[in-house]
Amino acid sequence: MRPTPTPAIALLSAIVAACQPAHAAPTAADRIAGTELIARDALFGNPERASVQLSPDGKYLSWVAAVDGVLNVWVAPADNPAQAKAVTQDKARGIRSYFWSYNPDTLLYLRDSGGDEDFHLYAVDLKTGQAKDLTPFPQTTAQVAGVSPKHPGTILVGMNDRDTKWHDIYKVDLASGQRTLLEKNESEIGGYIADADYQLRYATRSRPDGGADVLKRSGSGGWEKVEDIPFEDGLTTSPGGLTLDGQTLYFTDSRGRNTSALFAVDVASGKRTLVLEDARADVGGTLADPKTGKVQAVSVDYLRDEWKVVDPSIRADLEKLEAIGPGDVSVNTRTLDDKTWIVAYSAAEAPLVYYRYDRPAGTLTKLFSARPKLEGKPLVPQWPVEITSRDDKTLVSYLTLPRSADADNDGKADAPVPLVLLVHGGPWARDSYGYGGYNQWLANRGYAVLSVNFRGSTGFGKDFTNAGNGEWAGKMHDDLIDAVQWAVKQGVTTEDKVAIMGGSYGGYATLAGLTFTPDTFACGVDIVGPSNLNTLLSTVPPYWASFFEQLAKRMGDPRTEAGKAWLTERSPLTRADQIRKPLLIGQGANDPRVKQDESDQIVKAMTAKKIPVTYVLFPDEGHGFARPENSKAFNAVAEGFLAQCLGGRAEQIGEDLKGSSISVPTGADGVLGLSEALKRHTQEVKK
């Protein structure tokens, strides 16, 4: 005799049953069955080598790789990678951010604790093997403010140990760790620009109207305003860095125009010279001469990232690098003498490969593949597409099709398949072309994947970004719906087979999709998404103070009654009782941006209404899942969840919970096999 199901389980069973296709029609799993299943470990486990760099003197080659499953920094003689040794000993979340100082044999890295984003800056002396915490203060987030070949033994660091909102600037001795105060930040300065002699020359300060002042050091030692950045240009205009001689300031500027262009400003006269502009998109990254700091090339990313040469002396070099293949190329590091570069190449269907480029000889030497386990696997292309919104805005988007839906590999769907709308975070960020583990994973399971640059996204000019102001769960969400309708009209998918998934703002968009448009999506996967915009803005990290006015004006101001009302209206929590489709939530307990309470609140509201939800919580994670064990564990759950909803194939959870800190406070029975896997995991942990 079967036990009588609870109301929640009965509702869940009905929802899952409603998501299943008719028996006569082939499922997404059936369609993709002939394609090799790529293991989650190959996609989401530690990369074999990542962040490959050369020391400025060209003496050392370095990279990030695992030690006992945890990412650490390895260093080898530049001419003998086989002699590499790990020079850091992290045993927790791993080290992902490091760089070389100009001091011989000294490497620097940043590390937080459990995802709390209180990053400390460490220096490693390669001769002694000793690591020193240069910012040994509790609840302090280090910000690197300047490094200079003229002063190799020291570094400029911003520290907020005195006032959590604002960073004071110190000069720190790399050998002793001794710090010397250069600027006590009592003027609410959001950022400083120092020259190569560590003189603070420029600064920016936010204004109550959401704009910013650009300040210049006056002759008396104080600050004087030299530039006004209106609120509308706040995300697309900012001073950059100085050349090494201190005579030229680079400035990214959208004032009086739409897309931001790069200008060179003569410090003495204030004369501005246009370096590069593009009517389609904002200027992006730059390549600068390591000996002078002069910009030599600028990237522009519309549909694809393109390098534009502004100094003919490196044209031949970039042409040689671009000849590697049809994907994207970037330069990780250049030695101080500019004779050797480390180059990274990738395409949507080709994970990162690192090369050493000998500039005098013009030769490229392949070093490492970041994920060699994926070589020869059935990875698929990504197709840039331009989608027109209902009010005629162009939404630059990226479509990834499973092999089962695009046999001739032309970017056009042969037959409809389930679709996952993968929404980027930010929202003041953008999706771009390139390899993505999530895109390849989902396509390999039988789903089309669509990533949309909805209004509010950055990179396409200030008008497009500002069109998202006040449009959370409004026109920003309409753009996502329009993109789904485009996919349906193009035969990519059908209206009843679309899931929404994303992290941070993408998690919010997922919650908004299931509450504001409850019949549009078959299910949703929310990763660290805010559910209550009032509590989100009331708990931002204190050192976000300089950005808060931008948040208040682009969303709603929690300090006013009208703002609070808007934030309440646009919060998915307010409409939690509208959720009718399956929902999976993933959260890091230490997230400083989107606190655990954001997920707890909506889970509690759904549980009170007896609405099923599966809630996955990681006690040692922050804003996203950094530890590969946790990433694999969550994705194993998400894969089973999506398979139940959309009918794609799923690799069994198996051992993918091993080593993770996963807990499932509620809804483990909502994903097939999860309860049993958790029991096995708990037993293994106890052994």
Side-chain angles (χ1 to χ4, degrees), residues 39-47 50-51 64 66 69-72 90-97 110-119 370-371 420 422-426 429 436-442 501-511 524-531 583-600 603 614-642 651 653-665 667-668 671 674 677-678 681 685:
R40 284 188 296 267
D41 182 65
L43 291 160
F44 303 113
N46 280 320
S51 190
V64 168
V70 180
L71 291 179
N72 278 277
D90 191 76
K91 300 183 185 304
R93 284 168 57 81
I95 295 167
R96 290 162 179 80
S97 179
L110 291 159
R111 182 188 183 280
D112 72 346
S113 178
D116 62 7
E117 297 187 17
D118 286 340
F119 286 99
R371 293 190 178 274
V420 176
L422 192 60
V423 187
H424 71 69
Y438 268 66
N439 302 71
Q440 294 295 336
W441 167 54
L442 293 168
M501 177 177 185
S504 196
Y505 177 84
Y508 167 84
T510 297
L511 297 176
V525 180
D526 153 35
I527 305 170
V528 298
S531 67
L583 174 61
L584 170 65
I585 295 177
Q587 178 70 47
N590 301 322
D591 192 337
R593 308 185 194 189
V594 179
K595 301 288 195 297
Q596 179 184 330
D597 189 47
E598 292 299 318
S599 292
D600 288 352
V603 168
T614 300
Y615 181 23
V616 179
L617 180 66
F618 296 94
D620 57 350
E621 291 288 2
H623 197 60
F625 312 137
R627 291 185 59 228
E629 295 90 347
N630 292 337
S631 178
K632 285 192 294 181
F634 181 79
N635 292 339
V637 176
E639 188 169 310
F641 175 84
L642 289 170
E651 181 185 2
I653 293 176
E655 298 297 314
D656 274 11
L657 304 190
K658 186 176 181 180
S660 78
S661 64
I662 187 171
S663 65
V664 183
V671 177
L674 178 55
L678 285 167
H681 178 59
V685 171

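These values consider heavy atoms only, across backbone and side chains, with no hydrogens, waters or symmetry-generated copies. Being a predicted model, the structure only gives us computed values, none of them experimental.
- Ionic pairing of Glu621 and Arg627 is not present here: no N-O contact between side-chain nitrogen and carboxylate oxygen is shorter than 4.0 angstrom.
- Here Glu629 does not pair with Lys658 in a salt bridge; the nearest charged N to carboxylate O distance is not below 4.0 Å.
- Using cut-offs of 30° and 60° on the angle between ring planes, the pair Trp441 and Tyr438 is perpendicular.
- The closest side-chain donor-acceptor pair between Asp600 and Tyr615 falls under 3.5 angstrom.
- Two residues are said to be in side-chain contact when any heavy atoms from C-beta on lie closer than 4.5 Å; Asn635 and Asp656 fail this criterion.
- Residues Arg593 and Glu117 are in side-chain contact: their nearest non-hydrogen atoms beyond the backbone lie under 4.5 Å apart.
- Proximity of Asn439 to Leu422: side-chain heavy atoms (C-beta onward) are separated by under 4.5 Å at one or more points.
- In this structure, a donor-acceptor pair under 3.5 Å is absent between the side chains of Asn590 and Asp620.
- Considering only heavy atoms from C-beta on, Val423 stays 4.5 Å or farther from Met501 through its side chain.
- Taking the side chain as every heavy atom from C-beta outward, Val637 and Ile662 approach each other to under 4.5 Å.
- Atom CD of Gln587 and atom CZ of Phe634 lie 10.5 Å apart (nearest 0.5 Å).
- Atoms CG and OG, from Asp591 and Ser599 in turn, are 8.5 Å apart once rounded to the nearest 0.5 Å.
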**Request:** Please lay out, stage by stage, how Val664 and Leu674 fare under the test side-chain contact (heavy atoms from CB on, under 4.5 Å).
**Result:** CA-CA 9 Å; Val664 183; Leu674 178 55; 4.2 Å; yes
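- Residues Val616 and Phe618 have side chains in contact (heavy-atom distance under 4.5 Å, counting atoms from C-beta outward).
- Under the 4.5 Å side-chain criterion, counting only non-hydrogen atoms from C-beta, Ser51 is not in contact with Arg96.
- Interatomic distance, CG of Leu657 versus CG of Leu678, reported as 6.0 Å (0.5 Å rounding).
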